[in-house]
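First up is the structure itself, then whatever we jot down about it.
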Amino acid sequence: MNFLHNFKTIKNEIKDYSHQINLIVVTKNQNFEKINHLISEGHKDFGENKVQDLKEKAQYFLENNLQQVRWHMIGHLQSNKVKELFSIP
């Protein structure tokens, strides 16, 4: 899997700075299988730029007992989406 190789390469490049850098993997248009591979490699921080997609992915991982995932909202946020964002577990 090319994306997994790329992920490991990036993690190795920044490992000396791990106390200063928090790598957030953007999950836009990515399926649960790819995200699960990264979780199995020990990664916990993921970002999404659409509230509805973040909500769907967060719910999936919560239902599959993967609460260690930390979600980050990235990009612009419309004011009418704030309430929905804060309702995500």
Side-chain angles (χ1 to χ4, degrees):
M1 294 186 174
N2 194 31
F3 80 94
L4 196 53
H5 172 75
N6 291 343
F7 171 76
K8 288 179 181 181
T9 300
I10 291 168
K11 287 289 273 191
N12 284 334
E13 288 179 10
I14 66 171
K15 69 181 176 185
D16 293 336
Y17 305 100
S18 63
H19 63 284
Q20 299 171 2
I21 297 174
N22 186 20
L23 180 63
I24 298 174
V25 174
V26 178
T27 60
K28 182 178 181 177
N29 300 322
Q30 299 302 314
N31 60 38
F32 297 120
E33 182 182 354
K34 283 187 177 180
I35 300 168
N36 276 328
H37 283 298
L38 297 177
I39 292 170
S40 68
E41 290 292 321
H43 196 71
K44 296 179 181 176
D45 291 286
F46 297 92
E48 186 59 64
N49 70 330
K50 294 182 180 176
V51 173
Q52 188 58 40
D53 292 344
L54 190 152
K55 186 175 185 177
E56 179 183 322
K57 290 173 181 171
Q59 188 63 38
Y60 170 84
F61 289 106
L62 184 64
E63 290 171 359
N64 288 281
N65 206 26
L66 296 167
Q67 292 94 343
Q68 76 270 22
V69 173
R70 289 185 297 250
W71 288 101
H72 303 265
M73 183 67 198
I74 58 174
H76 297 283
L77 179 62
Q78 297 174 344
S79 58
N80 63 334
K81 298 287 185 177
V82 172
K83 188 174 183 179
E84 184 178 4
L85 177 64
F86 283 109
S87 71
I88 298 173

Subject >> Connected via hydrophobic side-chain network under 4.5 Å: Leu54 and Tyr60 >> reply: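 Linked, Leu54 and Tyr60 end up in one cluster.
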- Item | Val82 with Trp71, same ILVMFWY side-chain cluster at under 4.5 Å |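 Linked within one cluster.
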To the nearest 0.5 Å, what is the distance between [atom1] ([X]) and [atom2] ([Y])?
| X | Y | atom1 | atom2 | value |
| --- | --- | --- | --- | --- |
| Leu85 | Asn80 | CG | CG | 11.5 Å |
| Leu38 | Phe46 | CG | CZ | 5.0 Å |
| Ile35 | Glu33 | CD1 | CD | 10.5 Å |
| Thr9 | Ile14 | OG1 | CD1 | 11.5 Å |
| Asp53 | Lys28 | CG | NZ | 9.0 Å |
| His37 | Glu41 | NE2 | CD | 9.5 Å |

For the student: nearest non-hydrogen atoms of [X] and [Y], plus distance:
| X | Y | value |
| --- | --- | --- |
| Asn49 | Met73 | O-CE, 3.3 Å |
| Glu84 | Gln52 | OE2-OE1, 2.9 Å |
| Val51 | Ile88 | O-CD1, 4.0 Å |

Out of Glu63, Lys57, Lys55, which one pairs with Gln59 under the side-chain hydrogen bond (donor to acceptor under 3.5 Å, both in side chains) rule?
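It is Glu63, the one option of Glu63, Lys57, Lys55 that forms the side-chain hydrogen bond (donor to acceptor under 3.5 Å, both in side chains) with Gln59.
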Can you list everything that forms a side-chain contact (heavy atoms from CB on, under 4.5 Å) with Asp45? Sequence neighbours excluded, please.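 For Asp45, the residues satisfying side-chain contact (heavy atoms from CB on, under 4.5 Å) (neighbours in sequence not counted) are Asn22, Ile24, His43, Arg70, His72.
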Go through the structure and list residues passing side-chain contact (heavy atoms from CB on, under 4.5 Å) with Glu56, not counting sequence neighbours.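 Glu56: side-chain contact (heavy atoms from CB on, under 4.5 Å) contacts with Phe32.
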Item to complete: Could you check if a side-chain atom of Asn36 sits within less than 4.5 angstrom of a side-chain atom of Ile39, using non-hydrogen atoms only?
Response: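 Side-chain contact under 4.5 Å: yes.
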Task: Atom NZ of Lys11 with >12 non-hydrogen neighbours under 6.0 angstrom - done: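 Enclosed: over 12 neighbouring heavy atoms sit under 6.0 Å from NZ of Lys11.
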